[in-house]
Amino acid sequence: MIDTKLLRQEQAIKAKQIILTDNFVIPNLIAGADVGFEEKGSVTRAAMVVMRWPSLAIVEYHIARIPTEFPYIPGLLSFREYPALLAVWEKLQHKPDLIMVDGQGIAHPRRFGVASHLALLLDIPTIGIAKKRLCGHHEALDETVESCQPLNDNNEQIGWVFRSKKRCKPLYISPGHKISLDTSLLWVKRCIKGYRLPEPTRWADGIASNRAFFNRMKQNLA
DNA sequence: GCGACAG
DNA sequence: ATCTTGTCGC
């Protein structure tokens, strides 16, 4: 069986290596990463899209499918998703300077969400962009677009709750590694183009889910 | 003991 | 995450 106790200790130890200062100024390439499951969860599918900044034109995208070997356990999500993420990463011909990951960065009980774990494995700056809260608390947000509140946990800020679009649930943004809280929010804002999700994550999600709209767009770019 | 709980 | 059509609201 899985030794959750040991894995949590591992997270706490690796979290000490996380750097929350900026390691870059302006990225040339920004990637979006998303993970999903198929065949009733037996197959893990990861997608990555690399976009050029500031045009946000798609440079390349890939999908990797591997057998799932770890269950979903709140707080231990990265152990379930990182193998597939490393698999897609290998397919990239252009390595990005920054990756926006679907999930939490340091907004995690032990400050080690999937975005942080991936960043440490790849040694690339990442930002965690989650659609739901895992931990932490915050003041209520107004309905206004751009409305933002710090996400705190145990007297420390671990991220931001940001309303990227009107009448939409807010995003939970937190640095993964090698980027600060402020810069994380800044780049997410810069990549919001009228939709709830920032372009990198939005495209990674769309390409992975194989939706009609995205398939048409891919053809237009081919 | 009772909730909360990324994807 | 995933299973799934139409439908209510701006």
Side-chain angles (χ1 to χ4, degrees), chain A residues 2 4-5 7-8 10-12 14-15 18 32-48 63-88 99-121 126-138 142-145 147 151-154 158-177 184 188 194-198 200-213:
Chain A
I2 301 168
T4 56
K5 174 80 165 59
L7 293 177
R8 291 196 181 90
E10 182 185 329
Q11 293 183 315
K14 289 185 175 176
I18 295 301
D34 180 60
V35 177
F37 299 88
E38 305 176 345
E39 303 303 309
K40 293 188 297 183
S42 61
V43 173
T44 302
R45 171 242 300 142
M48 273 201 182
I63 292 179
R65 281 174 237 263
I66 64 174
T68 303
E69 30 74 69
F70 197 92
Y72 169 63
I73 300 175
L76 297 181
L77 180 69
S78 67
F79 292 103
R80 176 175 167 80
E81 307 193 330
Y82 85 72
L85 286 168
L86 292 183
V88 236
I99 307 174
M100 305 214 330
V101 183
D102 190 322
Q104 313 288 355
I106 62 169
H108 175 282
R110 288 163 295 285
R111 312 293 181 259
F112 204 66
V114 62
S116 297
H117 199 158
L118 181 67
L120 226 48
L121 293 171
T126 66
I127 297 174
I129 300 165
K131 297 181 290 298
K132 292 180 181 177
R133 183 189 66 86
L134 207 212
C135 68
H137 301 82
H138 62 86
D142 13 294
E143 301 306 313
T144 317
V145 193
S147 166
L151 178 61
N152 308 300
D153 190 37
N154 293 322
I158 57 176
W160 303 95
V161 185
F162 175 65
R163 174 153 279 129
S164 55
K165 191 179 192 298
K166 275 187 178 179
R167 296 174 232 87
C168 281
K169 300 274 67 182
L171 257 28
Y172 294 79
I173 303 163
S174 60
H177 178 45
S184 296
V188 169
Y195 296 88
R196 179 160 86 124
L197 299 176
T201 287
R202 187 174 81 86
W203 280 94
D205 180 72
I207 288 170
S209 61
N210 208 38
R211 285 177 293 174
F213 173 73

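Residue numbering restarts at 1 for every chain, and letters A, B, ... go by the order of the sequence lines.
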[X], nearest nucleotide to its side chain (from [options]):
{"X": "A/R133", "options": "B/dA4, B/dA6, C/dC10", "answer": "B/dA4"}
{"X": "A/F37", "options": "C/dA1, B/dA6, C/dC10", "answer": "C/dA1"}
{"X": "A/L77", "options": "C/dC10, B/dG7, B/dC5", "answer": "B/dG7"}
{"X": "A/P74", "options": "C/dC10, B/dA6, B/dG7", "answer": "B/dA6"}

Check A/R163 with A/D142, please: is the shortest side-chain N to carboxylate O separation under 4.0 Å? no
Salt-bridge contact A/E38-A/R65 (side-chain N to carboxylate O under 4.0 Å): yes
Spacing of OG belonging to A/S116 relative to NE2 belonging to A/H177, to within rounding of 0.5 Å: 8.5 Å
Verify the distance criterion only: is there a donor paired with an acceptor across the side chains of A/T68 and A/S42 at less than 3.5 Å?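 No, because no side-chain N or O of A/T68 sits under 3.5 Å from a partner of the opposite role on A/S42.
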For atom [atom1] of [X] and atom [atom2] of [N], their distance in whole Å:
{"X": "A/Y82", "N": "B/dG7", "atom1": "OH", "atom2": "C1'", "value": "17 Å"}
{"X": "A/R110", "N": "B/dA6", "atom1": "CZ", "atom2": "P", "value": "13 Å"}
{"X": "A/I73", "N": "B/dC5", "atom1": "CD1", "atom2": "P", "value": "17 Å"}
{"X": "A/F112", "N": "B/dC5", "atom1": "CZ", "atom2": "C1'", "value": "19 Å"}
{"X": "A/Y172", "N": "B/dC5", "atom1": "OH", "atom2": "P", "value": "9 Å"}
{"X": "A/H137", "N": "B/dA6", "atom1": "NE2", "atom2": "P", "value": "13 Å"}

Have a look at A/G75 and say if it touches a base, only the backbone sugar-phosphate, or nothing, with a 4.0 Å heavy-atom cut-off.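 It contacts base atoms.
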Which is true for A/L76 with a 4.0 Å heavy-atom rule: it touches a base, it touches only sugar-phosphate, or it touches nothing?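 The answer is base, as A/L76 lies within the cut-off (heavy atoms under 4.0 Å) of a base atom.
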Note every stem involving DNA chain C: at least three consecutive Watson-Crick or G-U wobble pairs, i with j then i+1 with j-1, with both distances under 3.5 Å.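 Stems found: none.
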Think [X] has a side-chain N or O under 4.0 angstrom from the OP1 or OP2 of [N]?
{"X": "A/K132", "N": "C/dA1", "result": "no"}
{"X": "A/K131", "N": "B/dG7", "result": "yes"}
{"X": "A/R45", "N": "C/dT2", "result": "yes"}

Does the structure place the NZ or CZ of A/R80 under 6.0 Å from the centre of the six-membered ring of A/F37, at an angle of no more than 45° from the ring's axis?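 Output yes; distance and angle both within limits.
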Might you work through the side-chain contact (heavy atoms from CB on, under 4.5 Å) test for A/L120 and A/F112, ending with a clear yes or no? CA-CA 10 Å; A/L120 226 48; A/F112 204 66; 3.6 Å; yes
Which heavy-atom pair separates A/A84 from A/A64 by the least distance, and what is that distance?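 So the two residues come closest at O-CB, 4.1 Å.
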With a centroid cutoff of 5.5 Å and a plane-angle limit of 30°, would you call A/Y72 stacked on B/dG7? yes
